[in-house]
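Chain letters run A, B, ... following the sequence lines, proteins first and then strands; every chain starts at 1. What you see is a predicted model; the values in this text were computed from it and never measured.
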There are 2 protein chains.
Amino acid sequence: MIKNDQPKDKIIDVARKLFASRGFEATTTRMINKAAGISEGALYYHFPHGKQEILDTIVQQGIESRVSLLTVSLTNSTTVTGIETQMMTLFDQLWQAFQSETSYQSFIITIRERMLLSDEQSHWLIDAIQQIQARLSQAFQNIEKLALNDSQAADNLAMIVMSIFQKVLYDELLIKNQRRLSADVRERVRQQIHFLLAPIQTTTN
Amino acid sequence: MIKNDQPKDKIIDVARKLFASRGFEATTTRMINKAAGISEGALYYHFPHGKQEILDTIVQQGIESRVSLLTVSLTNSTTVTGIETQMMTLFDQLWQAFQSETSYQSFIITIRERMLLSDEQSHWLIDAIQQIQARLSQAFQNIEKLALNDSQAADNLAMIVMSIFQKVLYDELLIKNQRRLSADVRERVRQQIHFLLAPIQTTTN
DNA sequence: GTCTATACTGGGATAGAC
DNA sequence: GTCTATCCCAGTATAGAC
């Protein structure tokens, strides 16, 4: 990661880490100052409105960087070969996207400090998932060998796939506090995807 | 709801509400005292270890009351008639279970104050979902008219159904902060369930 | 068992020198 | 632009009367 050593960026960086691990309220400005290696007064030069302004900035950056989530690639192949494999690749990439320190911390903060944020500030999470879902639906429609009747069906399929992925992300990151993807969990995802795709994969057509 | 007016229960009740709406750290003991109609000292008579002890008690009650989540009924009918309807009833009941003030608040607190809780304290959420899932899987196996090859398939189906439900719960309650179930959201769930069950519902057999 | 009063600490924020 | 020093307030917790 680029460690920008502009003091302002340094403050944001250490604050994000602290907010994610201890929570916003439990993090004192003194902790931030100490971790950033600056003094009491300096913080208020960069953020005149104090701690809340730092939080807003962090979340704002999270919103902007949701684009990075969207870099997950969907090989728009029209062949049915290995759709399961493609889905697992998508899952791995999605998981990977949430693994970067910054993304992970922004995610945790957005959920945990929800009550301090506006609807707009928190919605980026849903939006990001939804955008991937839309692209996924489109990809499904492009695969001719899938027995999908209409675009509605492709939408449903994409929604279900994303639900499977999202449940795992939330359970592991939010509740279990588990940042390593266990082989076990991944295998369970694979089986669900397999089960889901089996009936609509057709060798005819 | 039974409003037990034992002071200790009253404290827990108002604290749960405050923790859920403002967060643990942002809630002061003074707020709790005022809301509970008691004085500074009284709180420490009932909870010698202060605020953290109140939090632990609340979460403990959440763990115990997860049983209430499990009252969701699964009509173990062996007929295929209206499996979709049954699934939607299950969904409605699950949603309803999270609608009760106490369950909802325990849920929010368990997620948002995760870092103050032990693994055991937070795991009740996953456990509750998993138990419903296990019963759902069993129910699927009892329905002869479903074209499920083995118990593995029933497990996968149950997992997927629960993922669909859980995604909605998390998105609506945690991110959107939306406690009313919109007809729109519910309809989307219904369509996914329909899409999911369609290929394995068989008229033969 | 509940009250009032208060001790003590540490929080956010600012003033003003450099 | 960054520092030190400090203000003021609010937080948790306790002591001791009733």
- Task: For A:Leu43, answer base if it contacts any base atom (sugar-phosphate contacts may also be present), sugar-phosphate if it contacts only those atoms, and nothing otherwise; contact means non-hydrogen atoms under 4.0 Å.
- Result: nothing

- Query: Quick one: side chain to side chain donor-acceptor pair (under 3.5 Å) partners of B:Gln61, sequence neighbours excluded?
  - Reply: B:Arg16

- Minimum-distance pair of heavy atoms, taken over all atoms of A:Ile175 and B:Ser122: CG2-O, 3.4 Å

- What is the 5' to 3' range of DNA chain D, first to last nucleotide, that sits under 4.0 Å from any heavy atom of chain B? D:dG11 to D:dT14

- Message: Would you say that more than 12 heavy atoms from the other residues, nucleotides or ligands in this model lie under 6.0 Å from the CZ of B:Arg22, or not?
- Response: no

- Task: Take the angle between the ring planes of B:Phe165 and B:Phe91 and call it parallel below 30°, perpendicular above 60°, tilted in between.
- Result: tilted

- Item | Whether over 12 other heavy atoms sit under 6.0 Å from B:His123 NE2 | yes

- Query: Under 4.0 angstrom, heavy atoms only, what part of the nucleic acid is B:Gly50 near: base, sugar-phosphate, or nothing?
  - Reply: sugar-phosphate

- Query: To the nearest Å, how far apart are A:Ile32 CD1 and C:dA13 C1'?
  - Reply: 13 Å

- Message: Without decimals, in angstroms, what is the distance between A:Phe47 CZ and C:dT14 C1'?
- Response: 18 Å

Please write out each protein N/O paired with an N/O of nucleotides 6-11 of chain C under 3.5 Å, distance rounded to 0.1 Å.
{"residue": "C:dG11", "atom": "N7", "partner": "A:Arg30", "partner atom": "NH2", "Å": "2.7"}

- Trace of the salt bridge (Lys or Arg N to Asp or Glu O under 4.0 Å) decision for A:Arg179 with A:Glu101: CA-CA 11 Å; A:Arg179 293 187 60 188; A:Glu101 279 294 306; 3.3 Å; yes

- Which pair of heavy atoms, one from A:Asp155 and one from A:Ser137, lies closest together, and at what distance? OD1-OG, 2.6 Å

- Query: Hey, mind stepping through A:Asp119 and A:Arg114 against salt bridge (Lys or Arg N to Asp or Glu O under 4.0 Å) and telling me if it holds?
  - Reply: CA-CA 9 Å; A:Asp119 288 353; A:Arg114 177 61 177 87; 2.8 Å; yes

